[in-house]
Amino acid sequence: MAKQYWLMKSEPNVYSIEDLKRNKTSPWEGVRNYQARNFMRDEMKLGDKVLFYHSNAKPSGVAGIAEVCKTSYPDFFAWDKKSKYFDKKTDPENPTWFMVDVKFVSQFKEVISLQELKEDPALSGMTVTKKGSRLSVHPVDKKHFDHVVALGKRKS
DNA sequence: GCCAACGTTGGC
DNA sequence: GCCAACGTTGGC
């Protein structure tokens with residue numbers, strides 16, 4: 001199957017692109033939304049590219065690029081009572097939540113802000129620019145992905 | 001199965 | 001911190 005492209009949101013005060021750069025790879029734990037889980041569990045493949053998006057940030061926007069380096073496995077934080085992602089309804093024998101691992105690819109010199117994404121005609125229709133778009137993991141068109149990467153390079 | 005109440009996300 | 005948008009829960 002052809003390589004796919006994704007956008008994954010993280011609040012930088014929780015986990016930022018700098019954290020991923022330092023750690024090289026990271027599990028993408030804590031997704032507690034079924035649609036987002038389905039994308040990770042069923043569709044993400046090794047080598048798929050990811051736009052790393054900072055939400056609730058100043059400014060919010062795409063901060064860099066990551067790559068899927070481990071396909072889905074159960075999000076064990078869901079049955080760790082000490083984790084803030086603990087979910088008492090999930091059973092380790094029959095996990096509800098899944099995650100993938102991602103690895104650092106590059107960090108843009110500057111975040112490409114949501115406003116820039118919205119104002120760029122080449123990115124019209126991109127999911128993250130739509131009103132009320134809350135899904136923290138979702139697919140991105142290759143043409144949109146490539147354009148954002150080009151914007152990121154121009155700023156580097 | 002409807003839908004009101006409640007909780008969360010996330011831009012601003 | 002506000003609040004609009006959206007998801008989930010639970011009474012009936």
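Proteins come first, then strands; the chains are lettered A, B, ... in the order of their sequence lines, and each starts at number 1. Side chains are part of it too, since the values below use all heavy atoms of this structure and drop only hydrogens, waters and symmetry mates. What you are looking at is a predicted structure, and each value in this text was computed from that prediction instead of being measured.
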What is the distance from CG of A:N13 to P of B:dG11, rounded to the nearest Å?
12 Å
Between A:D101 and A:Y73, does any side-chain donor sit less than 3.5 Å from a side-chain acceptor?
yes
Once you round it to whole Å, what is the distance between P of B:dC12 and CD of A:E116?
13 Å
Taking C-beta and beyond as the side chain, do A:L123 and A:E116 meet within less than 4.5 Å on heavy atoms?
no
From CG of A:L7 across to P of B:dG10 the rounded distance in Å is 10 Å
Which residues pass the ring pair (Phe, Tyr, Trp, His ring centres under 6.0 Å) test with A:Y5, not counting sequence neighbours?
A:F145
Looking only at side-chain N and O atoms, does A:S60 come under 4.0 Å of OP1 or OP2 in B:dG10?
no
For residues 120-135 of chain A, which residues have at least one heavy atom under 4.0 Å from DNA chain C?
A:K131, A:G132, A:R134
Note: A:W79 and A:P95 closest approach over all heavy atoms is CZ3-CB, 3.9 Å
Name the nucleic acid region contacted by A:K58, choosing base, sugar-phosphate or nothing; use a 4.0 angstrom heavy-atom cut-off, strictly under.
nothing
Against A:V100, only a single residue in A:P27, A:C69, A:S72 fulfils side chain to side chain contact (heavy atoms under 4.5 Å, CB included); can you say which?
A:S72
Going by the rule ring pair (Phe, Tyr, Trp, His ring centres under 6.0 Å), which residues pair with A:H54 if we only count those two or more places apart in sequence or in a different chain?
A:F52
Hydrophobic cluster partners of A:Y34 (side-chain heavy atoms under 4.5 Å)
A:W97
Test ring pair (Phe, Tyr, Trp, His ring centres under 6.0 Å) applied to A:W6 and A:F39, A:W28, A:Y53, the passing residue:
A:F39
Nearest-Å distance, OH (A:Y34) to P (B:dT8)?
15 Å
Taking only nitrogen or oxygen atoms into account, show me every contact under 3.5 Å that the protein makes with nucleotides 1-3 of chain C, one pair per line with its distance.
none

Shortest non-hydrogen contact between A:T25 and A:L20, atoms and distance
C-CD1, 3.9 Å
Take the protein atom NZ of A:K9 and the nucleotide atom C1' of C:dA5, then report the distance between them rounded to whole Å.
11 Å
Five pairs per end, C1' atoms only: what is the angle between the end axes of the helix from B:dG1-C:dC12 to B:dC12-C:dG1, to 10 degrees?
10°
Just how far, in rounded Å, is P of B:dG11 from NZ of A:K118?
8 Å
Minimum-distance nucleotide (side-chain atoms of A:Q35 versus B:dG10, C:dG7, B:dG11):
C:dG7
Nearest whole angstrom, please: distance from the C1' of B:dT9 to the NE2 of A:H54.
17 Å
Whole angstrom is fine here: how far is it from CG in A:D87 over to C1' in B:dT8?
15 Å
Any ion pair linking A:R22 and A:D19 (charged N to carboxylate O, less than 4.0 Å)?
yes
Taking everything shown except A:E18 itself, do over 12 heavy atoms lie less than 6.0 Å from its CD?
yes
